[in-house]
Amino acid sequence: MFNRMRAFIRKFIGFSVGPFVGAFLSFITIPLTTHFISPDEYGKASMFTLFQMIFATFLFFGVDQAYTREYHDTENKQNLFQNALLLPLLLAFCTLFAALALPATVSRLLFGSPGDKLPAVLFGVMIVFMVFERFILLSIRMQEKALEYSLLNIFVKFAVLVLTLFFIFFIRRDFLAVVYSAVFGQILGDLYLLFRYRSLFNLKHFSLDTGLLKAMIAFGLPIVVATSLSSLLDSMDRLSLRTWSDFYQIGIFTATLKIAAALSIVQTSFTSFWVPTAYRWYAEGKNIRYFKTVSDSILLGMSVLAAGILIFKDLIVLLLSPGYADSRYIIGFLCLQPIIYTVSETTCLGIVFSKKSYLSIWVGLIALIPNVIINVLLVPKFGAVGAAMATSISYIFFFAARTHFSATNGMRFPVVKHHIVFLVLLAGAFLNLLPASDTFFINIGLLAAVLAVQYPTIKKIWVLSHRRRASEA
């Protein structure tokens, strides 16, 4: 058991290298960007990224998820890869042609004005590259090549950083500097991916497998609906701000999301290696206690990180620049989303193992309904604060629904502690709406409460660690 745990941790660290180094590069990029670009301009740039995410949801058609599901059951991995790529790539080129034909319309949708036609066209180009990147990285991830996966992610982040510095210092200091650096950095990184893994696109032995395609689409279609709902859940805050508020509020909200990205590092690292690991464990017939141990451990790590961000939030916000000072009031709410999503990856496995992907549709609806209601009620009056509240509260519904449907399909273990921790963190987020001078000791108390609730997990980890050291002695 100790050897398995050691291998588990080693692989997690391997997948974490990329996100951690990428976060460090972002840590350098964000203050540079926010110091030279106003919240209004930053808000416009965030619309580009938001619509990119929304389009990707539909373009993949759920086939990317079906690809990971079929990977270990298919002998010819390359043919699986090429068949899976067909439909998303076709839809991506349709998007590119639409951007080329209607650049003014795309520009108005993204930035509120029809004049910025070049970034609208680049939006279509980037969508095509996104599809290639997604499937290449999935192939590496499913082979559990942790370090290679991480290094490739670092390369893309580094390219974006270098181009951000170039645009801001030598060309322009508006939202287009952010857009151009993101687009050209991403394309540069993806060109390297395409060259390095060009063997994946060797069509010499390609055969169109209509049966496989139908199976992947059948598995993916419910996921398209579910992912669309999830994407809408993730973007409703900024869409609401775009509808009922202004670009300043969008800029503040987006900059705060970048701070909360410290937790998204763990989310990305964990989900990157957990999906193939969980499928392998299931195939090997692992006892459910292994899954519970992982769930309890990731809950502990994520909640402690969230409390730490709140304790040092004023110092972190200071790095953004004085124009983004309002970020301190919503950071507690936005930290909840990556925590809850990451932990839910360990409690939702019954849905994917049972192949009942349609249940994810109900999960999305259960989370989206309160999200829409709270956004409609609060965003017109409270702006970014109202949007942040809607996001955090709706993700508690998301976790409850995901866990419930998983439990009814064979993956049941106690999650009362999870709900208590989430409610403690939500209460802490509301308390952080108070003036900054009053919140430091509140957040210290929040950390103590989080640790107290999870004392059994801390004790279990300590005992396992002590036994491992004793066995090695």
Side-chain angles (χ1 to χ4, degrees), residues 233 237 256-257 259-267 270 292-317 327-348 366-367 370-371 374 378 382 385-404 407 413-462:
L233 176 65
D237 39 34
T256 312
L257 279 177
I259 300 172
L263 290 168
S264 296
I265 302 166
V266 183
Q267 174 186 322
F270 180 74
K292 182 181 185 304
T293 298
V294 172
S295 184
D296 290 344
S297 300
I298 201 68
L299 175 68
L300 174 63
M302 294 293 281
S303 57
V304 168
L305 276 173
I309 288 175
L310 286 175
I311 290 170
F312 297 105
K313 74 177 191 302
D314 292 319
L315 178 62
I316 296 170
V317 170
S327 294
R328 63 169 53 92
Y329 298 113
I330 61 175
I331 189 170
F333 293 107
L334 294 185
C335 280
L336 272 168
Q337 186 272 339
I339 292 174
I340 295 175
Y341 184 88
T342 307
V343 176
S344 75
E345 286 288 280
T346 65
T347 64
C348 74
I366 289 168
N371 183 276
I374 298 171
L378 298 185
F382 299 107
V385 173
M389 289 179 182
T391 298
S392 60
I393 293 171
S394 60
Y395 260 89
I396 293 177
F397 283 87
F398 175 85
F399 176 84
R402 228 180 176 196
T403 304
H404 169 73
F413 53 81
V415 292
V416 173
K417 178 170 50 184
H418 295 58
H419 286 288
I420 293 173
V421 170
F422 296 152
L423 291 175
V424 168
L425 290 173
L426 181 62
F430 276 101
L431 290 172
N432 273 269
L433 292 173
L434 297 171
S437 58
D438 298 334
T439 58
F440 179 78
F441 290 106
I442 288 174
N443 292 328
I444 293 292
L446 178 69
L447 175 60
V450 163
L451 291 173
V453 171
Q454 298 178 90
Y455 174 74
T457 302
I458 297 170
K459 184 178 179 181
K460 182 177 182 179
I461 292 172
W462 174 264

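Side-chain atoms are counted along with the backbone in the values below, which use heavy atoms only and exclude waters and symmetry mates. Treat the numbers as computed from the prediction; the structure is a model and nothing was measured.
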Worksheet item: Can you find a pair of side-chain heavy atoms, one from L300 and one from V304, that are under 4.5 Å apart?
Response: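 L300 reaches V304 side chain to side chain.
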
Discussion item. Going by salt bridge (charged side-chain N to carboxylate O under 4.0 Å, His left out), name the pairs with one or both residues in residues 336-345, residues two or more places apart or in two chains.
Written reply: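 Sorted pair list: E345-R402.
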
Fill in: Set of side-chain contact (heavy atoms from CB on, under 4.5 Å) partners for A367, sequence neighbours left out
L233, F398

Nearest 0.5 angstrom please: [X] [atom1] to [Y] [atom2], how far?
X	Y	atom1	atom2	result
S392	I340	OG	CD1	7.5 Å
L451	I458	CG	CD1	5.0 Å
I339	Y395	CD1	OH	13.0 Å
I366	F399	CD1	CZ	13.5 Å
S303	I298	OG	CD1	10.0 Å
L447	L310	CG	CG	10.0 Å

Practice prompt. Indicate yes or no for a side-chain donor-acceptor contact from T391 to the backbone of A387 under 3.5 Å, with no hydrogens or angles considered.
Written response: yes

Got a list of side-chain donor-acceptor pairs under 3.5 Å for residues 416-435, not counting sequence neighbours?
from : atom 1 : to   : atom 2 : distance (Å)
K417 : NZ     : T457 : OG1    : 2.7
H418 : NE2    : S295 : OG     : 2.9
N432 : OD1    : K313 : NZ     : 3.1
N432 : OD1    : N443 : ND2    : 3.1
N432 : ND2    : G428 : O      : 2.7
N432 : ND2    : N443 : OD1    : 2.8

Practice prompt. Kindly determine whether Q454 and D296 satisfy side-chain contact (heavy atoms from CB on, under 4.5 Å), including the steps that lead there.
Written response: CA-CA 8 Å; Q454 298 178 90; D296 290 344; over 6 Å; no

Discussion item. Quick one, I393 with F333, criterion side-chain contact (heavy atoms from CB on, under 4.5 Å). Give me CA distance, side-chain angles, the key distance, then yes/no.
Written reply: CA-CA 8 Å; I393 293 171; F333 293 107; over 6 Å; no

Discussion item. To check you understand the geometry: which heavy-atom pair defines the closest contact between N371 and A390, and what is its length?
Written reply: ND2-O, 3.5 Å

Item to complete: Considering non-hydrogen atoms only, spot the tightest contact between K292 and P414 and give its length.
Response: CE-CD, 3.8 Å

